[in-house]
Amino acid sequence: MKLIDIKGFVLKEQTYKENDKIIWVLCENIGKVSILAKNAKKMKNSKFVLTQLFSLVQLTLVKGKSFYYIEDGSLIKNVNFINNEDIIFYLSYFFELLDISFNDGDVIDVNFFKILIKIFLILESNTIDKDLILRIFEFKLLKKLGCNIEFEKCNYCSQNLKESVVWFDFTFQSVVCNSCSKLKEFKIENRIINIMRFLSKLDIRNIPRLSVTSSDMKFIFNFNKILLDQNLIKMPNSIKFLGGYE
Ligand SMILES: [Zn+2]
């Protein structure tokens, strides 16, 4: 019997029979796995605490025919919802995006997993604007999904953008200057392009104090939604809790 040690996030859960649960865990090394946790619905069972939605856990697993099974484990971090009620909406979106983005067996590299842990801890700690964190996360995720957004050079002439109002072509995922614009692109202020470029390159371990106005934040959210929609098989339902379908 081969034991597999993993560290991962409980993305999703489903009741199975009366006392069991199936959970989907996004792991650092083996990607997304489904685990059948017997008796995990019983509060006195040790698996109860290891299978809580949105927690970060360390597990020792055994691979079965259709599922993995828990041999042992410990809780690394769960979410404190007290005095932090709206966190559920942000975490639902964060984890649903991850669930949609990765299939069983997709490898999650160590660096990307570190970014996810950092974002999770920042969201939970309530120290930085959660909308800002999610916008940064969306840029990191888009990059992971192969969407390399060009914010600096025009798609056609490769010149750096100087005008105050420029264009964005979602097909090429690139900015377009005024001279090259075919007027079919999305009009966008260069100062917002600069904010987005800054956010997309930001080192998550070192987020400076930033204030982005709520109208700019909404604009960036709408911008990211178009790109997410292009790159994901479906959009997360939880986006509606964050005003995503306004
Ligand atoms: Zn151009």
Side-chain angles (χ1 to χ4, degrees), residues 86 89-90 92-94 96-98 100-101 111-112 115-116 118-119 122-123 126-246:
D86 68 340
F89 303 119
Y90 292 89
S92 298
Y93 178 68
F94 174 65
E96 196 183 355
L97 266 182
L98 288 174
I100 293 169
S101 301
N111 284 332
F112 188 68
I115 291 175
L116 298 182
K118 189 70 194 171
I119 291 171
I122 297 171
L123 280 174
N126 224 353
T127 48
I128 297 175
D129 180 17
K130 293 189 186 73
D131 290 292
L132 183 68
I133 296 299
L134 286 183
R135 298 299 82 79
I136 296 169
F137 167 62
E138 286 157 354
F139 284 121
K140 304 276 177 213
L141 183 67
L142 281 164
K143 193 168 179 210
K144 190 79 198 154
L145 295 170
C147 174
N148 289 306
I149 310 167
E150 177 56 60
F151 286 119
E152 274 168 81
K153 293 186 188 324
C154 169
N155 183 57
Y156 300 103
C157 67
S158 300
Q159 298 286 315
N160 282 319
L161 299 179
K162 293 185 189 75
E163 302 100 334
S164 60
V165 176
V166 294
W167 306 85
F168 192 86
D169 191 313
F170 281 100
T171 311
F172 297 111
Q173 297 160 0
S174 170
V175 285
V176 174
C177 76
N178 275 307
S179 325
C180 298
S181 170
K182 294 167 178 61
L183 300 177
K184 65 179 174 64
E185 301 90 355
F186 191 73
K187 198 174 183 179
I188 183 164
E189 286 177 73
N190 205 355
R191 62 168 193 91
I192 295 189
I193 291 280
N194 285 328
I195 298 172
M196 294 198 289
R197 187 181 62 195
F198 182 76
L199 294 181
S200 69
K201 288 187 173 167
L202 205 63
D203 182 345
I204 202 81
R205 289 165 303 181
N206 191 14
I207 299 177
R209 288 211 168 272
L210 274 177
S211 67
V212 178
T213 65
S214 60
S215 64
D216 285 354
M217 190 73 84
K218 201 170 168 182
F219 187 95
I220 298 169
F221 189 22
N222 285 328
F223 179 93
N224 283 359
K225 269 189 296 185
I226 296 172
L227 290 173
L228 286 168
D229 200 22
Q230 284 180 353
N231 285 278
L232 295 172
I233 47 165
K234 62 168 188 165
M235 287 296 272
N237 290 322
S238 53
I239 201 168
K240 61 177 179 278
F241 300 127
L242 302 176
Y245 289 136
E246 273 174 28

statement: Heavy atoms of Ile122 and Ile204 approach each other most closely as CD1-O, 4.1 Å
field: Closest approach of Cys177 to Cys157 (non-hydrogen atoms, all atoms of both residues)
entry: SG-SG, 3.8 Å
- prompt: Do the numbers put Lys201 on top of the ring of Phe198, so that NZ or CZ is under 6.0 Å from the six-membered ring centre and no more than 45° off the axis?
  reply: no
- request: Flag yes if more than 12 heavy atoms outside Lys182 fall under 6.0 Å of its NZ atom; otherwise flag no.
  value: yes
message: Has Asn231 got a side-chain atom pairing as donor or acceptor with Gly146's backbone, closer than 3.5 angstrom?
response: no
task: Taking the side chain as every heavy atom from C-beta outward, state whether Pro236 and Leu97 have any pair of such atoms under 4.5 Å apart.
output: yes
message: Can you give me the closest heavy-atom contact between Lys153 and Val175, atom names plus distance?
response: O-CG2, 3.4 Å
field: SG on Cys147 to CD on Glu138, rounded to 0.5 Å
entry: 11.5 Å
- prompt: Does the pair Leu145 and Ser101 meet the rule for a side chain to side chain contact (heavy atoms under 4.5 Å, CB included), with working shown?
  reply: CA-CA 8 Å; Leu145 295 170; Ser101 301; 4.0 Å; yes
message: So which atom in Glu185 and which in Val176 form the shortest heavy-atom distance, rounded to 0.1 Å?
response: OE2-CG1, 4.0 Å
- line: What one should report as the nearest heavy-atom pair of Lys118 and Arg205 is CE-CA, 4.1 Å
Audit row: Ile220, Ile195, side chain to side chain contact (heavy atoms under 4.5 Å, CB included) steps and yes/no: CA-CA 9 Å; Ile220 298 169; Ile195 298 172; 3.9 Å; yes
task: Can you label the angle between the Phe186 ring and the Phe219 ring as parallel, tilted or perpendicular, going by 30° and 60°?
output: tilted
- prompt: With Phe139, which of Leu134, Leu227, Asn224 fulfils side-chain contact (heavy atoms from CB on, under 4.5 Å)?
  reply: Asn224
- prompt: Nearest 0.5 Å, what's the CD-OG distance between Glu163 and Ser181?
  reply: 10.0 Å
message: Does Lys184 have more than 12 heavy atoms from other residues, nucleotides or ligands lying within 6.0 Å of its NZ?
response: yes
- request: Starting at CD1 of Ile193, measure out to CH2 of Trp167 and round the result to the nearest 0.5 Å.
  value: 12.0 Å
message: With rounding to the nearest 0.5 angstrom, report the CD to CG distance, Gln173 to Asn148.
response: 8.0 Å
task: Start with the C-alpha gap between Ile188 and Met196, add the side-chain angles, then the distance that decides, and say whether side chain to side chain contact (heavy atoms under 4.5 Å, CB included) holds.
output: CA-CA 11 Å; Ile188 183 164; Met196 294 198 289; 3.6 Å; yes
- request: Verify the ring-centre separation between Phe168 and Phe223: is it less than 6.0 angstrom?
  value: yes
message: With rounding to the nearest 0.5 angstrom, report the CG to CD distance, Asn155 to Glu150.
response: 8.5 Å
- prompt: Run the salt bridge (charged side-chain N to carboxylate O under 4.0 Å, His left out) check on Arg191 and Asp216 step by step: do they pass?
  reply: CA-CA 10 Å; Arg191 62 168 193 91; Asp216 285 354; 2.8 Å; yes
field: Separation between CG of Leu232 and CD1 of Ile100, rounded to the nearest 0.5 Å
entry: 6.0 Å
- request: Please examine the side chains of Phe89 and Ser238, heavy atoms only from C-beta on, and report whether any two atoms are closer than 4.5 Å.
  value: no
- prompt: Is any side-chain N of the basic residue among Lys234 and Asp229 closer than 4.0 Å to the acidic one's carboxylate O?
  reply: no
- prompt: So Asp169 and Tyr156, side chain to side chain contact (heavy atoms under 4.5 Å, CB included) or not? Walk me through it.
  reply: CA-CA 11 Å; Asp169 191 313; Tyr156 300 103; 3.9 Å; yes
task: Decide if the gap between the ring center of Phe137 and the ring center of Phe94 is smaller than 6.0 angstrom.
output: yes
statement: Per side-chain contact (heavy atoms from CB on, under 4.5 Å), Ile128 is matched among Ile133, Leu210, Ile136 by Ile133
